Amino acid sequence: MEIEFARSERSTVGIEWELAIVDRSTGELASVGDRVLADLGGADGTPHPFITSELLTNTVELVSSVHDRVAGAVDDLTGQVAEVRAVLDRLGEYELICSGSHPFSRWYDQRLTDKPRYRKLVERTRWWGRNMMIWGIHVHVGIEERDKALRILDAMLAYVPHLQALSASSPFWAGVETGYASNRALMFQQLPTAGLPYQLPDWTSYERYVDDLVRTGVIEDHTEVRWDIRPSPRWGTVEVRVCDGVSSADEIGAIAALIQCLVEWMSTRLDEGETLPTMQTWYVRENKWRAARYGMHAEVITDAAGNERPVADDIADLLATLAPFAERLGCATELQRIRRTLEDGAGYQRQLRVAEEHGGDLTAVVAHLARELREGTARPA
């Protein structure tokens, strides 16, 4: 099977942002996404070109255009948020939030979007598929040469725990505090082709992998390979999907800038003839679990020799390493926003703090998430 890798401008960026709709009075998830999308579409039934449905009707997904700079992609998304919010405000009783999971709603109260691919997914995966009440962000970065894609993907696996910890925002599940910073990370990998990617040596090996799955009926095409980081042949990108949903535009810009800079850094090193370092698959898997469990307090394995370090310290040093690339890409401001997460806490930490301040009342956590999406994540003075 031949899979064409589209032409793409180097280190261009696109972002997908999954948002949940909640009832403003109860905080429960609200299955009105289909009504919102119908309102946003054309009079002739033409769908919105960038705002789409997802697995559940409580969700809308915002998709930016391709941009040279992260700031442009974020502005694109915030404009789409305003479009969705205008519809919800007309309906009068709904609000938008984003996090890796909803603090207390339950899967059996949610409606599936009526699309064949979703029906097929849930029919195959049953209980696990119906439990996919999760939200994330996906960041695409353009790769100008197909043969770079898998080498960059493999090297990016060393930074899975950094991205997982920074974005972790799913400490609650169906009203229970799970003890995990990102319960979403462990839920999503239960799907058959989700989770960490295989480390494949070349594009031909990737094509054989996809062909194997298609021939045995596991998938219909490569878009159903739902790895945490994957090549996206249609767009000519590496797509990073490991992150939990984040609750504000400034936070999504910071994480997108980090991903864009990592890819440009690695691409530059390949241009200079360097072999990008990789880690053993068992280290990569352990790192993902540690970041999902402990978040910003995780101690992660940093190299193939098994050296370990607190992830927050490694992130701080990484920002210095990537600073020249951020200047080159025009995302220095967004990249430095990561420091606020190091100081004020990731999404899961802020949610736990709000729950504690309100005696365990999780409706207060939903209100907090809605407020962050409207106003940003800066803490009051």
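From a predicted model like this one, the values you see are computed outputs, not experimental measurements.
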Next item on the list: Please check if the side chain of Asn131 supplies one atom and the backbone of Trp127 the other of a donor-acceptor pair under 3.5 Å.
Entry: yes
Notebook entry, point to check: Does anything in residues 142-177 pair up under ring pair (Phe, Tyr, Trp, His ring centres under 6.0 Å), and if so which pairs, sequence neighbours excluded?
Noted result: Tyr159-His162
Note to self: Would a single hydrophobic cluster contain both Val87 and Val60, if residues Ile, Leu, Val, Met, Phe, Trp and Tyr are joined by side-chain heavy-atom contacts under 4.5 Å?
What the structure shows: yes
Next item on the list: Report yes or no: do Leu342 and Val300 belong to one cluster of Ile/Leu/Val/Met/Phe/Trp/Tyr joined by side chain heavy-atom distances under 4.5 Å?
Entry: yes
Check: Between the main-chain N or O of Asp228 and the side-chain N or O of Arg241, is there a donor-acceptor pair closer than 3.5 Å?
Finding: no
Notebook entry, point to check: Linking Ile, Leu, Val, Met, Phe, Trp and Tyr through side-chain heavy atoms less than 4.5 Å apart, which residues share a cluster with Trp289?
Noted result: Tyr180, Leu186, Tyr294
Check: Does anything in residues 183-203 pair up under salt bridge (charged side-chain N to carboxylate O under 4.0 Å, His left out), and if so which pairs, sequence neighbours excluded?
Finding: Arg184-Asp244
Next item on the list: Nearest 0.5 Å please: distance from the CG atom of Leu77 over to the CD1 atom of Ile15.
Entry: 5.5 Å
Notebook entry, point to check: Please, which pairs that meet side chain to side chain donor-acceptor pair (under 3.5 Å) have at least one residue in residues 185-196, sequence neighbours excluded?
Noted result: Gln189-Lys288
Notebook entry, point to check: Would one find more than 12 heavy atoms of other residues, nucleotides or ligands at under 6.0 Å from atom CZ of Arg215?
Noted result: yes
Notebook entry, point to check: Between OG1 of Thr281 and CG of Asp154, what distance do you get to the nearest 0.5 Å?
Noted result: 11.0 Å
Check: Given side chains that start at C-beta, do those of Leu121 and Met132 come closer than 4.5 Å, heavy atoms only?
Finding: no
Notebook entry, point to check: So which heavy atom on Val354 is nearest to which on Ala364, and how close?
Noted result: CG1-O, 3.7 Å
Check: Nearest heavy-atom pair of Trp227 and Leu196: which atoms, and what distance?
Finding: CD1-O, 4.1 Å
Check: Near Arg234 CZ, under 6.0 Å, is it more than 12 heavy atoms from other residues, nucleotides or ligands?
Finding: no
Item checked: Single hit among Leu29, Leu91, Val32, Thr57 for side chain to side chain contact (heavy atoms under 4.5 Å, CB included) with Ile21 -> Val32
Note to self: I'd like to check the side-chain hydrogen bond (donor to acceptor under 3.5 Å, both in side chains) partners of Asn287; sequence neighbours left out, ordered by chain and number.
What the structure shows: none
Check: Which is it for Glu264 and Thr268 under the side-chain hydrogen bond (donor to acceptor under 3.5 Å, both in side chains) test, yes or no, and what are the steps along the way?
Finding: CA-CA 6 Å; Glu264 174 62 22; Thr268 300; 3.2 Å; yes
Check: Does atom CZ of Arg69 have more than 12 heavy-atom neighbours from other groups under 6.0 Å away?
Finding: no
Check: Do Arg208 and Met1 pass the side-chain contact (heavy atoms from CB on, under 4.5 Å) test, and can you show the C-alpha distance, the side-chain angles, and the key distance before you say yes or no?
Finding: CA-CA 7 Å; Arg208 283 200 298 265; Met1 172 184 290; over 6 Å; no
Checklist line | Verdict with supporting geometry, Ile51 and Leu37, side-chain contact (heavy atoms from CB on, under 4.5 Å) | finding: CA-CA 7 Å; Ile51 303 174; Leu37 292 170; 3.8 Å; yes
Notebook entry, point to check: Backbone N or O of Glu54 within a donor-acceptor pair of the Thr113 side chain at under 3.5 Å?
Noted result: yes
Note to self: Would the distance check show the side chain of Arg230 and the main-chain N or O of Thr223 forming a donor-acceptor pair, the cut-off being under 3.5 Å?
What the structure shows: yes
Next item on the list: Just jot down the side-chain hydrogen bond (donor to acceptor under 3.5 Å, both in side chains) partners of Thr46, sequence neighbours excluded, or say none.
Entry: Asp44
Margin query: Check this for me: Glu274, atom CD, are more than 12 non-hydrogen atoms of other residues, nucleotides or ligands nearer than 6.0 Å?
Written below: yes
Notebook entry, point to check: In chain order, what residues pass the side-chain hydrogen bond (donor to acceptor under 3.5 Å, both in side chains) check against Thr275, with sequence neighbours excluded?
Noted result: none
Check: Yes or no on side-chain contact (heavy atoms from CB on, under 4.5 Å) for Leu157 and Ile229, after CA distance, side-chain angles and deciding distance?
Finding: CA-CA 8 Å; Leu157 294 177; Ile229 305 177; 4.1 Å; yes
Check: Are the side chain of Ser247 and the backbone of Ser99 linked by a donor-acceptor contact shorter than 3.5 Å?
Finding: no
Notebook entry, point to check: Looking at CG of Leu329 and CD of Gln260, how far apart are the two atoms once the value is rounded to the nearest 0.5 Å?
Noted result: 4.5 Å
Margin query: When you group the ILVMFWY residues by side-chain heavy-atom contacts below 4.5 Å and let the links chain together, are Trp235 and Leu262 in the same group?
Written below: no
Item checked: Qualifying residues under ring pair (Phe, Tyr, Trp, His ring centres under 6.0 Å), relative to Tyr206, sequence neighbours excluded -> Trp203
Check: Is there a side-chain contact between Pro277 and Met279 (heavy atoms, below 4.5 Å)?
Finding: no
Checklist line | Rounded distance [0.5 Å steps], CH2 in Trp135 versus OG in Ser170 | finding: 10.0 Å
Notebook entry, point to check: Given side chains that start at C-beta, do those of Ile97 and His102 come closer than 4.5 Å, heavy atoms only?
Noted result: yes
Margin query: Can you tell me how far apart CG (Asp34) and CG (Leu56) are? Round to the nearest 0.5 Å.
Written below: 11.5 Å
Note to self: Measuring from atom CD1 of Ile152 to atom OG1 of Thr237, what distance do you get when rounded to the nearest 0.5 angstrom?
What the structure shows: 11.0 Å
Margin query: side-chain contact (heavy atoms from CB on, under 4.5 Å), that's the test. Do Leu112 and Arg130 meet it? Break it down for me.
Written below: CA-CA 8 Å; Leu112 292 171; Arg130 285 293 282 127; 3.8 Å; yes
Check: Does the pair Arg151 and Asp147 meet the rule for a salt bridge (Lys or Arg N to Asp or Glu O under 4.0 Å), with working shown?
Finding: CA-CA 7 Å; Arg151 288 184 286 173; Asp147 291 342; over 6 Å; no
Notebook entry, point to check: Are any non-hydrogen side-chain atoms of Pro197 and Met156 less than 4.5 angstrom apart?
Noted result: no
Margin query: Applying salt bridge (Lys or Arg N to Asp or Glu O under 4.0 Å), can you list everything that pairs with Arg90, at least two apart in sequence or on another chain?
Written below: Asp39
Margin query: In this structure, would Leu319 and Val160 fall into the same cluster of hydrophobic residues linked by side-chain contacts under 4.5 Å?
Written below: yes
Checklist line | His140 and Glu16: side chain donor to acceptor below 3.5 Å | finding: yes
Item checked: Partners meeting ring pair (Phe, Tyr, Trp, His ring centres under 6.0 Å) with Tyr198 (sequence neighbours left out) -> Tyr209
Notebook entry, point to check: Is there side-chain contact between Glu83 and Gln80, with heavy atoms separated by less than 4.5 Å?
Noted result: yes
Notebook entry, point to check: Within a reach of under 6.0 Å around CZ of Arg146, are more than 12 heavy atoms found that belong to other residues, nucleotides or ligands?
Noted result: yes
Item checked: Backbone N/O of Ser31 and side chain of Gln110: donor-acceptor pair under 3.5 Å -> no
Note to self: Tell me which pairs pass side chain to side chain donor-acceptor pair (under 3.5 Å) where either residue lies in residues 296-313, with sequence neighbours left out.
What the structure shows: Arg290-Glu308, Asp303-Asn307, Arg309-Asp314, Arg309-Asp317
Check: Should Ile259 and Val63 be regarded as members of a common hydrophobic cluster, given that ILVMFWY residues are connected when their side-chain heavy atoms come within less than 4.5 Å of each other, either directly or indirectly?
Finding: no
Notebook entry, point to check: Do Ser248 and Glu372 meet the criterion of a side-chain donor-acceptor pair at a distance under 3.5 Å?
Noted result: no
Note to self: Has Thr278 got a side-chain atom pairing as donor or acceptor with Ala155's backbone, closer than 3.5 angstrom?
What the structure shows: no
Next item on the list: Please identify each residue that fulfils side-chain hydrogen bond (donor to acceptor under 3.5 Å, both in side chains) with Glu327, with sequence neighbours left out.
Entry: none
